[in-house]
Amino acid sequence: ETGVTQSPTHLIKTRGQQVTLRCSSQSGHNTVSWYQQALGQGPQFIFQYYREEENGRGNFPPRFSGLQFPNYSSELNVNALELDDSALYLCASSLPTRGYNEQFFGPGTRLTVL
Amino acid sequence: AQSVSQHNHHVILSEAASLELGCNYSYGGTVNLFWYVQYPGQHLQLLLKYFSGDPLVKGIKGFEAEFIKSKFSFNLRKPSVQWSDTAEYFCAVSQTGANNLFFGTGTRLTVIP
């Protein structure tokens, strides 16, 4: 069974640029969630994708957008990068069953905005 | 709004000491509760979870947690810690049927050999 994978591992961008982060879900999981973990904080929910549609969103502006593909992999896109976007971005996959939402996390992408 | 509080920011223990990490949440409905661990340089891993039933749940590596509904708490315990337990521990809550987890700010545990 393959776990959740993310790419790239690290990324450095400058303010105003755009970035795309990628995630492959665990085998058999049809749902992908994205979280932002700032230094010294717990992960914060950005949004979730289920069957290629956004299925819930946290308190993040529209410049954070995403996609899910037919193979359930996903992308997180961030436009007009700001210094505060520097964080670890985590992807989690799940197979929600009867309301039980156990999520499995990938290693994350460390984004630094200069 | 939902929130999760972890009151201990950094805990330092000697090996073989007992551990209890506090977690309180604010939500009045039915919840799913989780403890995740993040070892240095590794990704978040699930330690244990509570969905329903017995409020005392056992997880991996000798950890357990007790759900006390009246106190909105889900404290993590381990009778005897090891140096390898040094890590960051996160409590998380999800409304049953919801699609996202609310995380606490984490507790850093340092175990001294």
Side-chain angles (χ1 to χ4, degrees), chain A residues 2-7 9-10 23-26 29-51 53-60 66 68 74 87-110, chain B residues 1-10 21-27 29-53 57 59-60 74 76 87-109:
Chain A
T2 306
V4 179
T5 60
Q6 293 186 243
S7 64
T9 306
H10 296 91
C23 170
S24 291
S25 62
Q26 183 165 315
H29 287 183
N30 59 11
T31 303
V32 172
S33 304
W34 285 92
Y35 291 81
Q36 181 195 65
Q37 186 178 11
L39 201 61
Q41 300 296 316
Q44 281 195 292
F45 176 69
I46 302 175
F47 44 57
Q48 183 183 82
Y49 276 82
Y50 171 66
R51 291 186 176 178
E53 297 285 334
E54 188 178 289
N55 183 40
R57 189 179 184 92
N59 189 26
F60 281 82
Q68 187 179 32
S74 176
L88 182 68
Y89 287 85
L90 298 169
C91 168
S93 74
S94 58
L95 183 62
T97 306
R98 293 178 289 130
Y100 302 152
N101 187 21
E102 180 176 346
Q103 301 188 7
F104 296 82
F105 285 82
T109 294
R110 173 77 60 190
Chain B
Q2 294 187 55
S3 67
V4 180
S5 297
Q6 292 183 245
H7 305 293
N8 312 105
H9 297 293
H10 189 191
L21 301 182
C23 173
N24 289 90
Y25 65 93
S26 64
Y27 181 71
T30 305
V31 295
N32 298 338
L33 298 158
F34 307 82
W35 275 97
Y36 282 86
V37 61
Q38 194 169 32
Y39 297 105
Q42 296 189 27
H43 60 279
L44 277 170
Q45 300 172 42
L46 183 66
L47 264 183
L48 48 77
K49 61 188 183 240
Y50 171 81
F51 290 152
S52 63
V57 292
I60 61 172
F74 189 56
L76 181 70
E88 188 96 22
Y89 291 82
F90 293 94
C91 180
V93 175
S94 174
Q95 178 187 354
T96 299
N99 50 21
N100 58 306
L101 297 172
F102 287 91
F103 282 84
T105 53
T107 296
R108 184 154 58 103
L109 172 66

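Chain naming here is simple, since letters A, B, ... match the order of the sequence lines and numbering starts at 1 in each. Computed from a predicted model, the values in this text were never measured in an experiment.
The neighbour count for Gln44(A) CD, taken as heavy atoms of other residues, nucleotides or ligands under 6.0 Å away, does not exceed 12. Heavy-atom contacts from other residues, nucleotides or ligands closer than 6.0 Å to CD of Glu53(A) number 12 or fewer. Open room surrounds CG on Leu39(A); 12 or fewer heavy atoms of other groups in view lie less than 6.0 Å from it. Enclosure of atom CZ in Arg57(A) by more than 12 non-hydrogen atoms of other residues, nucleotides or ligands within 6.0 angstrom is indicated.
No donor-acceptor distance shorter than 3.5 angstrom exists from the side chain of Tyr36(B) to the backbone of Phe105(A), with no hydrogens or angles considered.
With a 4.5 angstrom heavy-atom cutoff, Gln37(A) touches chain B only via side-chain atoms. The part of Gln38(B) that comes within reach of chain A is its side chain, from C-beta onward, which places non-hydrogen atoms under 4.5 angstrom from that chain. Proximity to chain A (any heavy atom under 4.5 Å) is shown, for Leu44(B), by both the backbone and the side chain.
Tyr49(A) pairs by the ring pair (Phe, Tyr, Trp, His ring centres under 6.0 Å) definition with Phe47(A), not counting sequence neighbours.
Shown here for Thr105(B) and Gln41(A), the closest heavy-atom pair between the two residues is CG2-OE1, 3.7 Å.
The structure places CD of Gln103(A) at 8.0 Å from CG of Asn100(B), a figure rounded to the nearest 0.5 Å.
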